[in-house]
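Here the structure is laid out as structure tokens; the discussion comes afterwards.
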Amino acid sequence: MTLNQTNWTEATQAVEAAQSILIVTHISPDGDAIGSALGLYNMLIKKCPSVTVAVDGGVPDFLEFLPHADHIRPVLTDGEWDLMISTDASDEERTGKAGEYGRAHSKTVINLDHHATNTGFGDIYVVNPDVASAAEVVYQWWKHTGYELDRNVAQPLLTGIVTDTIGFRTSAVKPGTLLAAQELMSHGASLTQITALTLDSRPYKVVDVWKRALPSVELADGVISANITLADQENVEDRERMEYGLVGWLRQVDESMVAIVFTEDTPNQIKLSMRSKRGFDVSKVALAMGGGGHQQASGATVQGTLAEVRAKVLPLLAQAVKEGKLDIV
Ligand code: AMP
Ligand code: MN
Ligand code: MN
């Protein structure tokens, strides 16, 4: 069953009653994780005397341009809060150590998300799987509150929308997404800056990783795959964006319906990053592997060697290709 509940009023009442708020998001944060968290943070610091925002490891380099990115705490080991808001995380584990600490030290938890695979944790739900990003859920919530929307709120929210939709290109983009973007731009968000610093930017060392990974590319049964081994990743810290770029590029291959990149976290732990063309569902495979995500963009972290995990996952993806039908209209 898909969780689809947007209890805007209850969520707003919880914010207004809180003297202290903690905002957490998912580990290995992407543009939507940081964008939705900072959009909330910059909106709520005007309403609440004490607001904390935290994610394990802090903000990735390429998102440091966002207003108050330097306020994000990389480690959370002290504090008590009336309210915790979890954003862009489909399950509790995805919020890492910061989320675990926060849950144990907060009275109430708001679960704000847009993943159809959301597990329904927390006390108050603001979960809308019909929108393209958690940032768009924050935007919808903002519409209900009538709070002030300034550039510091608008810029992170547009970043979440732009990065999760790969520049308004996924099937999750609806007229409402463009209306949200229009309103955020009219409040000072810069689409040009966001695009240049996120989608159109990568350090050369990432291309260097691609050079080492590309010989592993295989195409079979409509599934295109690549491996990024530990050796391939020498000198790379910015792992999340590196994977993202490669799997998105592989999805463009005409002969493939599903793309997957297997990245070694350790010799016995593999991160899966999956993308599909419209009409093919990779989220079921992600769920079966203990992860989650969306029909066309999903992920999971699986125990086992590269060879073992490939042997488990590739047949499931081939099956997903068989069960699907290209739906580009
Ligand atoms: P990625 O390929 O890492 O960019 O992830 C694509 C999508 O899958 C995102 O929407 C993530 O939220 C989701 N996802 C990735 N890894 C996991 C995981 N371990 N558990 C749940 N969802 C995940
Ligand atoms: Mn995310
Ligand atoms: Mn998201």
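Values reported hereafter were calculated over all heavy atoms of this structure, with side chains retained and with hydrogens, waters and symmetry mates removed. All residue numbers in this chain count up from 1 along the given sequence. Both ligands and their constituent atoms are indexed starting at 1 by order of listing.
Remark: K47 is positioned above the aromatic ring of Y147, its terminal NZ or CZ atom under 6.0 angstrom from the ring centre and at most 45 degrees off the axis.
Under a 4.0 Å heavy-atom criterion, R275 is in contact with ligand 1. Ligand 1 does not have H26 within reach: every non-hydrogen atom of the residue lies 4.0 Å or more from it.
Shown here is E100, whose CD atom has no more than 12 heavy atoms of other residues, nucleotides or ligands within 6.0 Å.
Residues L66 and P156 come closest through the heavy atom pair CD2-CA, 3.9 Å.
Closest heavy-atom approach to atom 3 (O) of ligand 1 among the candidates Q296, E93, M274, K271: K271. Looking at S283, G293, S273, it is S273 that brings a heavy atom closest to atom 1 (P) of ligand 1.
With respect to E183 and K143, a salt bridge is recorded, a charged nitrogen being found less than 4.0 Å from a carboxylate O. Classification of R310 and E218 as a salt-bridged pair holds, one side-chain N sitting under 4.0 Å from a carboxylate O. With respect to D91 and R94, no salt bridge is recorded, no charged nitrogen being found less than 4.0 Å from a carboxylate O.
The closest approach of D32 to the Mn ion (ligand 3), by N/O/S atoms, is made by OD2. Taking the Mn ion (ligand 3) as reference, the nearest N/O/S atom within D164 carries the name OD2. The closest approach of D88 to the Mn ion (ligand 3), by N/O/S atoms, is made by OD1. The atom of D30 that is an N, O or S and sits closest to the Mn ion (ligand 2) is OD2.
When only interatomic distances are considered, the shortest N/O to N/O separation between H115 and ligand 1 falls below 3.5 Å. At a 3.5 angstrom cut-off on N or O pairs, G292 counts as close to ligand 1. Of the polar atoms of L272, none of the N or O atoms is found under 3.5 Å from an N or O of ligand 1, judged by distance alone. At least one N or O atom of H294, backbone or side chain, sits closer than 3.5 Å to an N or O atom of ligand 1.
Short contacts between ligand 1 and A297, defined as distances under 4.0 Å to a heavy atom of the residue, involve ligand atoms 6 (C), 7 (C), 8 (O). Of all the atoms in ligand 1, the ones that sit under 4.0 Å from a non-hydrogen atom of G291 are 18 (C), 20 (N), 21 (C).
Residue H114 counts as close to the Mn ion (ligand 3), with an N, O or S atom under 2.8 Å.
Between the side chain of D61 and the main chain of E64, no donor-acceptor pair closer than 3.5 Å is present.
Note: H187 and W142 have perpendicular aromatic rings, judged against thresholds of 30 and 60 degrees for the angle between ring planes.
Among the candidates D88, D113, D164, T87, the single residue satisfying the side-chain hydrogen bond (donor to acceptor under 3.5 Å, both in side chains) test with S36 is T87.
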Checking salt bridge (Lys or Arg N to Asp or Glu O under 4.0 Å) for the pair K211/D208: CA distance, chi angles, key distance, verdict? CA-CA 5 Å; K211 275 165 68 180; D208 227 19; 3.5 Å; yes
